[in-house]
Amino acid sequence: MSLTWLSRIFFVGLATFLMLPIAVIGGVAFNEKKTLSFPPQGFSLDWYWQVFADEGWRSALFHSVAVALIAASISVTIALPLAWFLWRRVAPWARIVEVLGFAPFILPPVITALGALSFWATTGYYGQPWTVVISHGIFFVSLPLVTITLGFATVDREIIEAGMTMGADDRTLARTIIFPMIRPYVISGYAFAFVLSLNEYIVAYMTVGFTLETIPIKIFNALRYGYTPTMAAVSLFFVLVAVCVFGFVARFGDLPKLLGAWSEGDKT
């Protein structure tokens, strides 16, 4: 058996292994009765409908989406000027600024969550709904910072110099040349921050506790009263959201390049 076939078998086996938990979750959500058995006993879509019909789950879903949308916007708002500064200011001390930008994601989530808890408790704002938004926005700033930094690295400085030679100022260069080139990287960074904020539990729990239930917090709260297929249904829903978001990024952008994979043509 050739090496090519062995590699194909390996990757198919790996993909199957990774997909098995998702298949089990999807199957559990089809149970007709209130049980987490797999294979499913009977077939019903009621548990998927329950996510939107039940006030508690619907409210948690709305909270999760709202927090993720605003937090991702905050992350991009911080990351974009920071990446611009790092691209324009090529200096040894600029690396310190870069490390500070990556620091929130480098630290273990528990450490970051405890830091956020201490900060909001000290300022007296612990439990306020907007604290989790700001905390997620800072915690996930590293993701758009990475992608936008990669975007700036693709900008040919000779094009910028040519524009300056023709009389374009910094604002004109940014609007007509730089931003159109890095737009896919900004969108991908926003998408990454959105999906991770949507699924994050530790920081959210440490900053708002039970005063604002997101879907991850709602799932853990529901575990106290027993397991229901609704948990599997909402988990599969979040998986589909992530697939759709990353599929959109892959469809309208060069996903390998957005993740930092450079072709030979880019290196030369």
Side-chain angles (χ1 to χ4, degrees), residues 64-106 133-200 240-268:
S64 290
V65 173
V67 167
L69 287 172
I70 303 175
S73 300
I74 293 175
S75 295
V76 171
T77 302
I78 297 174
L80 183 57
L82 183 57
W84 167 271
F85 171 81
L86 294 173
W87 181 66
R88 291 295 300 269
R89 303 288 184 234
V90 181
W93 54 268
R95 302 296 297 178
I96 301 176
V97 179
E98 185 176 11
V99 171
L100 291 176
F102 293 142
F105 207 67
I106 294 174
V133 175
I134 296 177
S135 299
H136 274 192
I138 296 174
F139 181 55
F140 293 116
V141 71
S142 303
L143 298 171
L145 179 60
V146 169
T147 58
I148 297 173
T149 299
L150 291 172
F152 277 116
T154 64
V155 178
D156 191 345
R157 293 185 182 272
E158 293 183 357
I159 299 177
I160 305 301
E161 294 175 358
M164 295 174 63
T165 301
M166 298 179 67
D169 56 15
D170 288 343
R171 184 174 300 180
T172 302
L173 291 172
R175 186 182 71 253
T176 60
I177 298 177
I178 299 175
F179 187 74
M181 295 181 70
I182 68 169
R183 186 184 294 115
Y185 298 88
V186 175
I187 295 174
S188 64
Y190 182 93
F192 295 152
F194 171 80
V195 170
L196 289 184
S197 176
L198 200 65
N199 293 275
E200 202 280 328
L240 293 177
V241 168
V243 170
C244 291
V245 170
F246 292 136
F248 176 82
V249 172
R251 173 64 179 82
F252 295 99
D254 189 346
L255 187 59
K257 185 179 291 187
L258 292 174
L259 295 175
W262 301 91
S263 63
E264 292 298 326
D266 296 322
K267 297 177 181 179
T268 56

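Distance check, rounded to the nearest 0.5 Å: OG of S188 to CD1 of I148 gives 8.0 Å. With values rounded to the nearest 0.5 angstrom, I70 atom CD1 is found 10.5 Å from I134 atom CD1. Here the CG-CG distance, from L145 to L150, works out to 9.5 Å after rounding to the nearest 0.5 Å. Atom CG of L80 sits about 5.5 Å away from atom CD1 of I182, to the nearest 0.5 Å.
For S135, the side-chain hydrogen bond (donor to acceptor under 3.5 Å, both in side chains) criterion is met by W120, not counting sequence neighbours.
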Would you be so kind as to tabulate the donor-acceptor pairs closer than 3.5 Å made by side chains of residues 189-199, with sequence neighbours excluded?
unit_1 : atom_1 : unit_2 : atom_2 : d
Y190   : OH     : L69    : O      : 3.0
S197   : OG     : H136   : ND1    : 2.8
N199   : ND2    : V195   : O      : 2.7

Stepwise side chain to side chain contact (heavy atoms under 4.5 Å, CB included) test for E200 and F140: CA-CA 10 Å; E200 202 280 328; F140 293 116; 3.8 Å; yes
Chi angles and distances behind the side chain to side chain contact (heavy atoms under 4.5 Å, CB included) call for L143, T147: CA-CA 7 Å; L143 298 171; T147 58; over 6 Å; no
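Closest approach of T149 and A83 over heavy atoms only: OG1-CB, 3.9 Å.
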